[in-house]
Amino acid sequence: MTVGLSASVVATAAVGQRGPGTAGATLDRPLAWHAALERCFAVADGTGLYREYHPPEPRDERYSTEWPFSQAHIALLDLAMIPGTTGRRFAPALAKVRAAQARYWSKTSTSGRAGHLAKVLPPLGHGDDLYYDDNEWVGLAEIQHHLFRRDPVSLRNARDIFDLIRSGWSTDTTLPSPGGVRWTQKSDNGDRNTVSNMPAAEMGVRLYMLTGDRSYLDDALRYYHWTNATLQRPDGLYADHLKTNGAIEKRVWSYNQGVPVGVNVLLWRATRKPEYLAEARRIAAASHTYLVTGGRIDDQPPPFNAIYFKNLLLLEHEIGGRRYRDAMRAYAHRMWSTRRNREGIVGFPDRRAELIDTAAMVQIEAVLHWNPRNFALLY
């Protein structure tokens with residue numbers, strides 16, 4: 001069903017003009033956040049890579065780790081999907097950052113599968129460990145790119161990443177709540193997280209709808225049911241992770257609430273079983289009460305909130321209304337008003353500015369300028 005949705009809406013949107021579905025907002029903000037990101041974080045050496053912190057310090061590694069870089073990659077994808085001439089002007093930058101993404105890709109890993117490592121590969125870096133959630137964000141971006149461009153390469157990339165994710169399923173039956181996709185391949189960390197399982201489920205349902213291969217849906221349901229049985233609270237909210245000793249880290253992070261909303265929406269699309277859409281509504285309402293009404297959303301990291309709000313827009317595409325879009329826009333306005341420092345990037349008083357925070361704001365502001373029809377492509 002999703003395959004038939006157009007991601008290239010013909011509409012003019014340039015600086016100073018109103019974008020579709022933005023209630024009078026102009027495109028100044030996403031373009032300003034992005035310009036500042038490039039000015040402060042881009043490494044101008046032809047690699048297309050970014051540094052992680054600003055201002056840089058001598059002890060810093062030259063290039064960002066994978067998770068922040070992936071969010072800068074997704075920021076450019078979201079900008080390129082703004083309708084009209086504004087989105088089209090980002091096509092070259094998107095191609096460049098997609099090529100740079102491959103600098104994290106290793107043909108092997110601890111599990112023997114190819115995947116994105118935490119740092120760029122030699123000769124630019126030393127690769128380091130592999131995190132399954134890092135790969136899932138890239139996989140979901142590849143699916144979004146495929147739905148946008150209809151290119152076979154990004155779909156193939158997503159399928160390769162899902163092969164890696166399958167290898168991350170825990171087979172140790174002696175652990176509490178056996179199963180679950182591990183967070184990392186690191187030998188000293190056996191955590192199984194909401195963030196390593198629900199995005200994997202979201203990928204699986206998307207791949208099932210794109211390919212018709214039932215095994216993707218079966219795996220998605222396995223990840224979904226394990227997370228619900230292990231980490232979901234009765235009120236619908238999700239804890240962060242399960243440790244190998246059986247202890248649960250109960251911290252409520254916004255992205256851990258958003259992705260299950262998206263998974264349920266996609267399961268409803270794939271199966272038309274109404275209980276999935278009802279569960280998406282329940283989680284969205286519970287998380288909105290806890291995070292937005294409860295005044296906790298601004299204490300969450302910006303990249304977590306970008307993921308959270310995007311998944312709520314995926315739900316809103318199905319059920320209508322503007323409650324979640326309005327909450328997203330209000331958050332974006334507060335960040336612009338209170339967290340944008342003199343250099344135009346996201347700044348917090350207790351630490352240096354980070355690439356990932358400004359990349360998140362580019363994503364949020366860009367998506368708020370999409371045609372609402374294309375919220376169906378989000379995750």
Note: E142-R159 ion pair, threshold 4.0 Å (strictly below): no
Output yes when R166 and D219 qualify as a salt bridge under the 4.0 Å nitrogen-oxygen rule, no when they do not. yes
Would you kindly confirm whether L175 and W226 end up in one hydrophobic cluster when ILVMFWY residues are joined by side chain heavy atoms under 4.5 Å apart? no
Validation row: I283, Y238 side chains within 4.5 angstrom (heavy atoms): yes
Can you hop from F348 to I364 via hydrophobic side chains spaced under 4.5 Å? yes
Counting distance only, does the side-chain N/O of D60 pair as donor-acceptor with the main-chain N or O of E57 below 3.5 Å? yes
Taking it one step at a time, do Y224 and N264 satisfy side-chain hydrogen bond (donor to acceptor under 3.5 Å, both in side chains)? CA-CA 9 Å; Y224 170 82; N264 278 287; 2.7 Å; yes
Side chains of F375 and L314: does their closest heavy-atom pair fall under 4.5 Å? no
Can you tell me if S106 uses its side chain to pair, donor with acceptor, with the backbone of A114 under 3.5 Å? no
About how many Å separate CG of N305 and CE of M361, when rounded to the nearest 0.5 Å? 8.5 Å
Between V97 and F69, is there a side-chain heavy-atom distance shorter than 4.5 Å? yes
With a 4.5 Å cut-off on side-chain heavy atoms, are Y379 and L266 touching? no
When you check the gap from the basic side-chain N to the acidic O, do R192 and D172 get nearer than 4.0 Å? no
Compare all side-chain heavy atoms of L117 with those of D128 and state whether any distance is below 4.5 angstrom. no
Same apolar cluster (I L V M F W Y, side chains within < 4.5 Å links), Y53/L49: no
Quick check: does any side chain N or O of Q101 sit under 3.5 Å from a backbone N or O of H73, one acting as donor and the other as acceptor? no
Would you say the side-chain atoms of N189 pair up with the backbone N or O of Q185, donor to acceptor, closer than 3.5 Å? no
Show your working on side-chain contact (heavy atoms from CB on, under 4.5 Å) between Q257 and Y290 and close with a plain yes or no. CA-CA 10 Å; Q257 320 315 313; Y290 182 85; over 6 Å; no
Side-chain heavy atoms nearer than 4.5 Å, only ILVMFWY residues, links allowed to pass through others: does that put I319 and F309 together? yes
Show the numbers, then the answer: is there a side-chain contact (heavy atoms from CB on, under 4.5 Å) between L207 and D213? CA-CA 8 Å; L207 287 170; D213 184 339; over 6 Å; no
Assign the ring pair H145 / F148 to parallel, tilted or perpendicular, where the plane angle (0 to 90°) is split at 30° and 60°. perpendicular
Side chains of E66 and H116: is there a donor and an acceptor less than 3.5 Å apart? no
Tell me, do L31 and F90 make a side-chain contact under 4.5 Å, heavy atoms counted? yes
Donor-acceptor pair between D78 and Q144 side chains, under 3.5 angstrom: yes
Checking side-chain polar atoms at under 3.5 Å, does D45 have a donor or acceptor matched by the opposite partner on Y63? yes
Ring centroid separation for W253 and Y308, is it under 6.0 angstrom? no
Would you say D160 and W105 make side-chain contact, with heavy atoms under 4.5 Å? yes
What's the spacing between D129 CG and T65 OG1 if we round to 0.5 Å? 12.0 Å
Please walk me through it: do L267 and L217 pass side-chain contact (heavy atoms from CB on, under 4.5 Å)? CA-CA 9 Å; L267 284 170; L217 180 59; 3.8 Å; yes
What's the verdict on side-chain contact (heavy atoms from CB on, under 4.5 Å) for I82 and L79, showing C-alpha distance, side-chain angles and the deciding distance? CA-CA 5 Å; I82 293 173; L79 286 167; 4.0 Å; yes
Would R339 and D357 pass as an ion pair if we require N to O under 4.0 Å? no
Cut-off 3.5 Å, side chains only: do R182 and S111 have a donor facing an acceptor? no
Name of the residue among Y223, Y132, F162 meeting ring-ring contact (aromatic ring centres under 6.0 Å, His included) with W169: Y223
